[in-house]
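Report on the structure given below.
Within every chain, numbering begins at 1; the chains are lettered A, B, ... in the order of the sequence lines, protein sequences first and strands thereafter.
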Amino acid sequence: MLLPLIGLHAVAGVAVLAAARRWGRRGLVVGGAAPALTALWAATQAGAVLDGHAVTERATWVPQLGLGVDVRLDAFSLLMTVLVSGVGTLVFAYAWHYFGSSDKVGRVAGLLTLFAGAMLGVVVADNLLLLYVCWELTSVTSYLLIGIDDAEPQARAAALQALLVTGLGGLAMLGGFVAIGQEAGTYRISELLADPPGGTTTAVALVLVLLGAFAKSAQYPFHGWLPAAMVAPTPISAYLHSAAMVKAGVYLVARLAPAFATSGPWRPLVVGVGLTTMLAGGLRALRPFDLKQLLAFGTVSQLGFMIVLLGLGTPGATAAGCALLLAHGLFKAALFMVVGIVDHDTHTRDVRGLPALGAGWTPLRAVALASAASMAAVPPLAGFVAKEEAYSALLNGSGGERLALVGVVAGSVLTVAYSLRLAAALWRPDLVSEAPAGRATLARGPAPAFVAPAALLAAGSVALGVAPGLWSGLVDGAARALDARSGTHLALWHGPTAALALSVATLVAGAVLFTGRRTVAAVQARLAPARTGADVYDGVVRGVLRLAARVTSVVQPGSLPIYAAVVLTTASLVPTVGMLAGDWWPGWPDLVGRPAHVPLAALLVVAALAATVATRRFAAALLLGVVGYGMAGLFVVQGAPDLALTQFAVETLSVVVFLLVLRRLPDRFEQRAPAAGRLHRLVVSGAVGVFVVLMALAAAGSRTAPAVSREMSARALPDGGGRNVVNVVLVDIRGMDTMGEITVLVAAGIGATALARAGEVPRRRPPLRGARRARQEARRP
Amino acid sequence: MSALLGGPVLLPLLGAALSVGVGRWRNAQRLVGVTTLVVDAVASIALLHRVDRHGVASVQAGGWEAPVGITLVADRLAAIMLVVAVLVLLAVLVYAIGQPGAEEQHVGFHPVYLILAAGIGAAFLTGDLFNLFVAFEVMLMASYALITLGGRPDQVRSGMTYVVISLLASTLFLLALAFVYSATGTLNMADLTTKIAALPGGLRSGLALLLVVVFGIKAAIFPLFSWLPDSYPTAPTPVTAVFAGLLTKVGVYALLRSQTLLFPPGTRPGTLLLVVAALTMVVGVLGAIAQNDIKRILSFHIVSQIGYMVMGIGLFTVAGLAGAVIYIVHHIVVKTTLFLVAGLVEQRTGTAHLDELTGLRRLEPVLAVLFILPALSLAGLPPFSGFVAKLALVEAGLDAGAVVVVGVSLAVSLLTLLSMTKIWANAFWGPDPSHDTGRTMTAPRQALMVGATASLVVLSLAVAVAAGPLYGLSERAARDLVDTSAYVHEVLAP
Amino acid sequence: MTVLLAVTAGVLCASGTYLVLGRQLSRVVIGVGLLGHGANLVLVLSGGDGGDPAFVGGDAARFADPLPQALVLTAIVITFGVVAFLLSLAYRSWRVRADDEVEDDVEDRRVARGAAHAGEDGAGS
Amino acid sequence: MDVAANVLALVGAVFVLLAGVGVLRFPDVYARMHAATKAPTLGIALIGLGTAGALDSGRAPVLLAVAFTFVTAPCAAHLVGRAAHRAEGVEVEVEAGDDLTALVDGADPQV
Amino acid sequence: MTQVVRTAMLVGIWLALWSDLSTANLLSGLAVAVAVVVLFDTWRPGTVVVRPWHALRFGLHVAVRLVGASLVVARTVITPRDRIRTGIVAVPLLGCSDALTTLVADAISLTPGTLTIEVRREPPTLFVHALDVRDVDQVRADVRRLEVLAVRAFGSREALAGLAVDDTRSWRGA
Amino acid sequence: MTAVAAAALVVAAACFVARAVAGPSLADRIVAIDGLVVTLVGLTLVRSMRTGSTSFLAVAVVVAFIGFVGTAAAARFVEQRGG
């Protein structure tokens with residue numbers, strides 16, 4: 001049922017896209033049906049899956065490459081499916097109001113559906129390569145979704161940035177996957193985790209894989225694309241950039257961590273990057289006035305947090321990470337929706353420009369408050385439960401985990417601060433920004449149905465906080481699925497533990513930070529790095545463009561003489577060097593064969609050299625003819641009458657044709673600066689000459705077997721029916737060559753005719769007589 | 001059997017003769033052309049089926065058994081190439097019939113096009129080195145005629161580059177043939193297998209490298225590629241499309257064939273080819289990034305992707321060669337499609353220059369779809385054919401320990417993506433075009449163009465879907481290339 | 001193959017190369033012709049150092065190798081066809097542009113000029 | 001018979017040789033044409049006769065070749081001479097007047 | 001000389017080229033010859049007749065003059081003389097047919113010291129380059145002799161008659 | 001004796017080539033090449049004599065004929081274009 005469901009996403013998505021204009025926002029219903037059905041189906045499977053009975057299905061694709069459509073729904077995948085499909089369904093519902101009758105709704109619906117399918121694929125894939133396939137599909141759909149307002153240059157740039165950064169990571173990851181797969185002998189994730197490979201190759205491969213995960217999950221220093229992607233309409237941000245896609249990296253890290261956390265640089269890398277991200281993201285979230293930017297950096301920070309927890313690979317942290325995943329999905333999606341509604345109804349999301357919100361906005365503000373509180377880990381909300389879990393896990397862990405805890409707490413303080421900032425933005429904007437005088441009050445609030453999806457999510461945050469038993473089983477199962485040693489029992493109240501103390505301290509510190517926001521802002525402004533992540537990206541892209549232009553201007557000068565020089569130099573040097581490097585010299589042959597060769601060779605050499613230095617076109621052409629005649633003479637001496645004949649005739653014909661063509665040109669070659677200097681040309685010519693001489697002598701001296709043509713002479717008459725062996729060879733033994741030769745002539749004739757006529761055949765035939773007269777008149781002086 | 005092997009060569013020639021015969025009656029020419037290629041396609045598929053089932057097949061032309069006469073040989077590789085080539089030729093012909101322009105204005109188009117088909121067929125099937133030269137010449141001469149059809153000044157200029165460089169390549173090929181015959185006294189490729197092995201090592205590698213250069217020029221590998229991006233974009237669209245898809249690949253095929261069949265394992269320039277492959281990929285893709293014209297971008301990508309194929313060849317393992325084969329198949333279909341789309345863009349808007357294009361997505365959503373699918377495939381994004389091909393090469397490369405070239409290939413595919421999105425973002429995205437030339441694409445003849453393009457898109461999707469069996473086929477083909485005994489035995493002792 | 005003829009072939013190829021590297025199309029054509037002669041010379045000599053014409057009835061042991069002769073014959077004709085086409089192309093070029101020079105590619109030069117100030121280009125579009 | 005044939009060939013060859021030297025040494029194009037037209041024609045005729053005499057078969061082509069030479073040599077000379085004269089830039093040393101130029105210039109030739 | 005004769009001549013050349021008298025060659029030659037004769041039929045009947053005796057005389061004359069011419073060349077090569085007076089001399093012809101004009105023009109080139117440079121049709125005039133124009137009349141006399149011989153050998157009846165009439169109006173008198 | 005004849009012809013050919021290279025006018029070159037062609041005919045005939053083989057005779061005929069065609073074409077060129 002899993003594969004058909006994924007297929008359903010694809011079919012529904014394509015159908016919605018195809019009918020985008022006709023269906024309009026009804027497409028959201030069709031498209032949304034796919035994640036909704038998936039969520040329902042997942043719910044029905046939950047019991048068995050949580051009991052440890054994973055649903056597996058498989059289909060073959062390219063088995064020889066290890067690329068199979070293997071899917072497996074275990075409890076962790078189930079948790080992710082809840083996020084992907086559950087939140088997804090709500091996003092579709094939210095989008096109904098958000099887009100209204102906008103003309104892009106159809107495309108958004110279709111792409112969102114495709115995205116949901118791809119994301120579902122990521123979280124249920126049991127094959128590294130399949131995971132990569134779905135992974136990149138999410139990148140592509142994300143590209144198209146971010147760029148949905150394609151008339152805006154910013155949207156295009158942000159879409160490209162997201163695609164390139166995640167694509168870069170993805171490609172590194174692919175390399176890592178293949179290396180791991182080859183090391184392990186399988187690309188099946190379940191088999192791989194059961195028997196993880198070790199060694200240097202694996203360690204390197206894991207770094208590559210992590211690179212992919214980091215890029216996808218917007219970890220420093222790859223995070224820049226995520227804030228930029230906020231130009232997309234909010235349903236897209238809510239889904240892709242908080243609930244689902246950015247979790248792909250986290251998902252992957254979580255999957256691999258229990259098996260690989262101890263190998264190589266995994267742990268330091270994951271914890272280092274995760275903490276950096278958490279802290280840096282948190283700090284950045286304190287600055288923007290654009291609510292969406294605030295959320296974006298908050299997401300970056302939270303993703304860092306999750307990477308730390310799930311990347312540690314210890315049982316406790318893993319369980320906590322699972323809880324945080326779900327909690328974050330709930331509150332962050334809700335917050336995005338809230339900001340989206342504000343943006344939609346007030347046409348701004350800048351705190352400084354927000355109107356005062358009237359009574360109609362209270363429900364929405366409540367939703368925002370609840371979700372922000374969950375984000376800040378205020379009890380009794382889901383966020384609190386998760387963070388509590390995390391603190392206690394890290395507290396109980398080894399030295400390294402304690403170290404991580406320091407960072408996590410610091411990050412959480414920042415989280416509290418920016419959560420407060422967000423909540424304040426909706427309730428007391430004056431706290432966040434200088435309130436402009438005469439702020440109009442917008443009394444009429446958003447439509448209830450518009451708020452409903454967000455409210456549902458906020459309610460979830462509350463419910464899960466109040467009644468941890470609701471999701472304890474799911475988190476426990478997910479943690480066990482990742483790591484058999486793991487497992488947890490979520491609770492709101494664990495008693496007066498160190499973790500609780502830390503939580504309280506965190507909240508207090510965060511509040512203090514928020515209170516002293518002006519000082520903080522001042523310090524931050526002082527300390528803000530000159531170069532942000534966006535600058536780095538810009539710099540790299542610009543560097544690539546410049547490099548491309550430079551390289552291209554060198555290798556592609558557009559000049560035929562240079563191309564010819566390159567070709568001939570390569571052709572003479574490479575084989576010659578290759579030959580000289582090995583055993584090749586067969587010994588000196590005779591200096592001179594027949595006496596007649598001497599004058600003929602002299603003739604050829606003299607005429608050829610003369611043609612080279614000739615300053616007149618016509619003379620050069622005639623000298624070429626002399627060379628040809630000399631060749632004919634040589635053929636006579638070599639015992640090749642047919643050849644001599646043909647050579648002679650063809651040479652004459654060539655000269656005649658040449659002369660016909662030359663008529664139009666001045667007689668002397670113009671003295672112009674040649675593309676290549678004389679010396680260069682001489683060097684290249686010399687190289688070609690040496691190459692021909694050496695290779696010819698080496699080849700001729702190395703013949704051991706008699707030529708196959710021996711047999712031809714004997715069989716010419718009986719089998720070929722001719723006395724002239726060369727003729728028999730031409731028309732019978734190698735008749736195919738001759739056929740080809742004739743074909744070449746025919747094609748040449750057609751081509752030359754077309755060229756001769758080109759430009760003289762008017763496109764539409766004018767009256768013939770008039771045209772002719774006109775031409776005659778034109779000819780008259 | 002002989003009909004199946006001779007068909008792909010003789011049939012188009014016959015068609016060409018007929019086409020010349022019916023002359024100015026254009027509809028008859030069209031009928032002849034399409035019929036010929038359809039029959040050719042059927043024959044090729046039958047040949048592939050047979051070869052895949054019963055192994056290498058051969059025919060001694062004129063009854064002169066090898067190595068005296070010319071042998072036509074079809075192994076899996078040749079048959080695969082043939083099938084793909086003919087299908088693409090057919091689709092492009094249909095497109096050309098739909099397009100107002102070259103096909104309509106010149107009596108010579110159909111005959112020359114069929115001659116091109118014959119040349120390509122002969123190049124794939126011949127088992128004789130000199131006959132390969134002749135096949136190349138047939139193909140090239142037809143291509144010269146096609147690329148200059150119309151005789152516009154820019155065409156003439158770029159045609160000159162193309163013809164002169166090709167002529168140099170042909171001359172070098174002739175020299176190579178002379179050296180080979182001089183040293184071995186035979187031209188039959190199967191016969192050469194044993195005779196070249198007996199040559200002194202230095203001479204052997206000299207010959208191998210010379211052939212690499214010769215075919216490398218036609219295949220446009222670094223540093224011999226510069227002619228390609230200058231010459232391809234100026235030709236009429238169908239011509240460019242078929243060149244882009246097929247001609248360089250004939251060079252790659254020849255490279256593949258000559259290096260695996262003629263030179264014994266251990267003496268092949270594998271490392272050199274890998275280095276060249278990496279450079280080709282990088283330089284090609286950088287060139288593409290620097291361009292601002294769709295056709296030129298695509299042309300540079302040909303170069304870049306030739307690098308991938310050469311990488312597969314340079315590995316000289318079953319996996320590498322199989323990867324190269326499936327990459328070639330993918331590339332032929334996808335690249336042709338993209339050029340056809342570029343032609344449609346040009347047809348619709350009058351230009352293919354990115355500075356002058358915008359918002360095509362709104363104008364022609366169908367075109368946008370037709371572009372983005374093969375474009376993503378070209379960039380090697382899953383789940384398209386390009387991904388499978390790239391994956392095959394990456395796996396083969398890592399398996400053989402060629403880490404650097406694999407890394408380069410992955411990086412290059414990102415840059416490929418960059419330049420594909422450049423086309424997409426500039427031409428298809430963006431604000432509405434301020435002025436619309438109004439050349440809508442609804443006329444029945446344009447339906448032919450769109451239909452032909454769409455059918456190639458479908459074909460490329462089919463390649464992705466059927467990647468499993470197709471890769472199996474490629475792998476079997478690669479086995480034949482690694483172990484040439486079946487080929488040699490079939491030719492010399494049938 | 002004697003040294004004399006090998007060197008002759010080498011000189012033919014070298015002078016052809018020299019001409020091909022020139023800018024004037026007529027020189028290029030002549031250069032191609034010379035290169036072709038060089039290649040043909042090597043090819044005809046690849047069958048050994050000549051002998052009697054291979055006619056049935058003669059002394060087969062003294063025959064010149066007929067196969068390279070046939071090959072060269074084919075090559076000559078093919079080269080002629082191609083060169084003739086090249087000439088018609090040149091003719092066309094001269095008619096269109098009234099010039100013999102092979103000019104550089106316009107678009108390439110544009111890109112090269114762009115490379116000089118690529119730094120100012122915006123990124124990412 | 002063989003000796004005679006050989007002698008004929010030799011004499012013919014000598015005539016061709018003389019023509020060659022003449023073409024090399026004569027001062028202007030017309031003089032060279034005189035040399036290149038007459039002596040080689042005779043030379044070829046002699047060589048041809050010699051060859052025809054020496055061969056047992058295939059005399060017809062030899063005689064045909066000779067006949068061709070007889071027809072074409074003066075004809076070629078005529079064409080080249082006319083071309084040389086009509087073309088600008090050929091230095092012609094005409095010491096004793098030039099009826100043709102006079103005619104071309106419009107004046108009646110001195111008849 | 002009818003078309004049959006011309007065809008036969010062509011067949012003869014064909015056979016000589018093949019140097020093999022087989023039926024196939026004969027037939028193919030015949031085909032080609034007929035085709036040529038039919039396609040390029042520019043012959044005007046009655047303009048040329050052959051008088052064997054005079055033809056022989058003409059031939060012999062040319063042959064002898066050719067030997068003489070060659071010897072002159074030889075002598076000039078061996079003993080280079082001082083610059084001689086060369087020049088171009090216009091020689092009017094007797095209004096004989098195109099074919100005869102061609103013949104004469106050709107033959108002149110094979111005789112010592114003269115070379116046809118240009119031919120005019122109306123009035124039929126040859127422009128002859130002479131190595132030695134100290135005696136223009138001598139040049140004209142040479143040409144004249146050749147012409148008379150040629151007309152006698154191949155000229156039509158009218159041309160022959162014209163020869164007799166025109167003889168009175170000799171160039172000497174002009 | 002035929003060897004001497006051949007040698008004489010070769011020397012003649014050398015003379016013609018020298019003139020073809022030296023020019024100075026195009027007409028000179030054409031005359032020289034015409035002479036070269038005739039020499040080639042002579043050489044072919046002499047070779048036939050020396051080997052007693054008839055296989056080269058066709059070459060002589062065709063060379064004699066085609067050489068003329070070439071000369072004529074070249075001459076026409078010079079006439080139109082100037083020397």
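The two atoms that bring C:A6 and A:L697 nearest to each other are CB-CD2, 3.7 Å, heavy atoms only. C:Q69 approaches A:G639 most closely through the heavy-atom pair NE2-O, 3.1 Å. Across all non-hydrogen atoms, the minimal contact from A:L745 to C:G81 is CD2-CA, 3.7 Å. Looking at every heavy atom in both residues, A:M631 comes nearest to C:H37 through CE-O, 3.3 Å. Across every non-hydrogen atom of A:T612 and C:S15, the tightest pair is OG1-CB, 3.1 Å. In terms of heavy atoms, A:Q638 sits closest to C:G48 at NE2-O, 4.1 Å.
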For C:T2 and A:V592: C-alpha separation, side-chain torsions, deciding distance, then whether side-chain contact (heavy atoms from CB on, under 4.5 Å) applies.
CA-CA 6 Å; C:T2 58; A:V592 175; 5.7 Å; no
Check the pair A:L643, C:I76 against side-chain contact (heavy atoms from CB on, under 4.5 Å), reporting the backbone distance first and the verdict last.
CA-CA 9 Å; A:L643 207 47; C:I76 289 172; 4.0 Å; yes
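Side-chain contact check for A:V726 versus C:P66: some heavy-atom pair is nearer than 4.5 Å. Side-chain contact check for A:T738 versus C:V77: every heavy-atom pair is 4.5 Å or farther apart. Side-chain contact between A:R703 and C:S46: absent, with no pair of heavy atoms (C-beta onward) separated by less than 4.5 Å. Between A:V627 and C:L34, the closest side-chain pair of non-hydrogen atoms falls below 4.5 Å. Annotation: side chain of C:L71 is in contact with side chain of A:R734 (closest heavy-atom distance under 4.5 Å). Residues C:F85 and A:L755 form a side-chain contact, since some pair of their non-hydrogen atoms from C-beta on lies under 4.5 Å apart.
Of the listed residues (A:A607, A:A700, A:A608, A:G630), the one with the most heavy-atom contacts under 4.5 Å to chain C is A:A608. Listed options A:A564, A:A611, A:A601 were ranked by heavy-atom pairs under 4.5 angstrom with chain C; first place goes to A:A601. In terms of heavy-atom pairs under 4.5 Å with chain C, the best-connected choice from A:L623, A:I742, A:V744 is A:V744. For the options A:D737, A:N724, A:V729, heavy-atom pairs under 4.5 Å to chain C are most numerous at A:N724. The residue among A:E651, A:R710, A:M695 with the most heavy atom pairs within less than 4.5 Å of chain C is A:E651. Ranking C:V44, C:V20, C:V42 against chain A, the residue ahead of the rest is C:V44, based on heavy-atom pairs under 4.5 Å. Most heavy-atom pairs under 4.5 Å with chain A: of the set C:L73, C:T8, C:V11, this distinction falls to C:L73. Note: C:I30 leads C:I30, C:V29, C:L89 in heavy-atom pairs under 4.5 Å with chain A. Counting heavy-atom pairs closer than 4.5 Å to chain C, the top-ranked of the candidates A:G701, A:A699, A:A696 is A:A696. When each of C:T17, C:N40, C:L41 is scored by its heavy-atom pairs under 4.5 Å with chain A, the top score falls to C:T17. Counting heavy-atom pairs closer than 4.5 Å to chain A, the top-ranked of the candidates C:V28, C:D52, C:L12, C:D65 is C:D65.
Both the backbone and the side chain of A:L624 have a heavy atom closer than 4.5 Å to some heavy atom of chain C. Contact annotation for A:F691: neither backbone nor side-chain heavy atoms come within less than 4.5 Å of a heavy atom of chain C. If you measure heavy-atom distances from A:A159 to chain C, you find no contacts under 4.5 Å at all. Heavy-atom distances place both the backbone and the side chain of C:T74 under 4.5 Å from chain A. Only the side chain of A:V708 comes within less than 4.5 Å of a heavy atom in chain C; its backbone stays farther off. With a 4.5 Å cut-off on non-hydrogen atoms, A:S654 touches chain C through its backbone and its side chain both. Contacts of A:N727 with chain C are absent, with no heavy-atom separation under 4.5 Å from either backbone or side chain. No part of A:P153 comes within reach of chain C, as not one of its non-hydrogen atoms sits under 4.5 angstrom from that chain. Of the two parts of A:L653, the backbone and the side chain both hold a non-hydrogen atom closer than 4.5 Å to a non-hydrogen atom of chain C. With a 4.5 Å cut-off on non-hydrogen atoms, C:V72 touches chain A through its backbone and its side chain both. Within the 4.5 angstrom heavy-atom criterion, atoms from both the backbone and the side chain of C:I78 approach chain A.
Summarising the local packing, CZ of A:R594 is surrounded by more than 12 heavy atoms from other residues, nucleotides or ligands at distances under 6.0 Å.
A cation-pi contact, defined as under 6.0 Å to the ring centre and within 45° of the axis, links A:R681 to C:Y18.
Distance check: A:L634 CG to C:L45 CG gives 6.5 Å after rounding to the nearest 0.5 Å. How far CG of C:L21 is from OG of A:S685: 5.5 Å, rounded to the nearest 0.5 Å. The CD atom of A:E711 lies 12.0 Å from the CG atom of C:L67; values are rounded to the nearest 0.5 Å.
C:R92 places no side-chain N or O within 3.5 Å of a backbone atom of A:A752 that could act as its donor or acceptor partner.
Checked against ring pair (Phe, Tyr, Trp, His ring centres under 6.0 Å), A:F648 has the following partners two or more places apart in sequence or in another chain: A:Y629.
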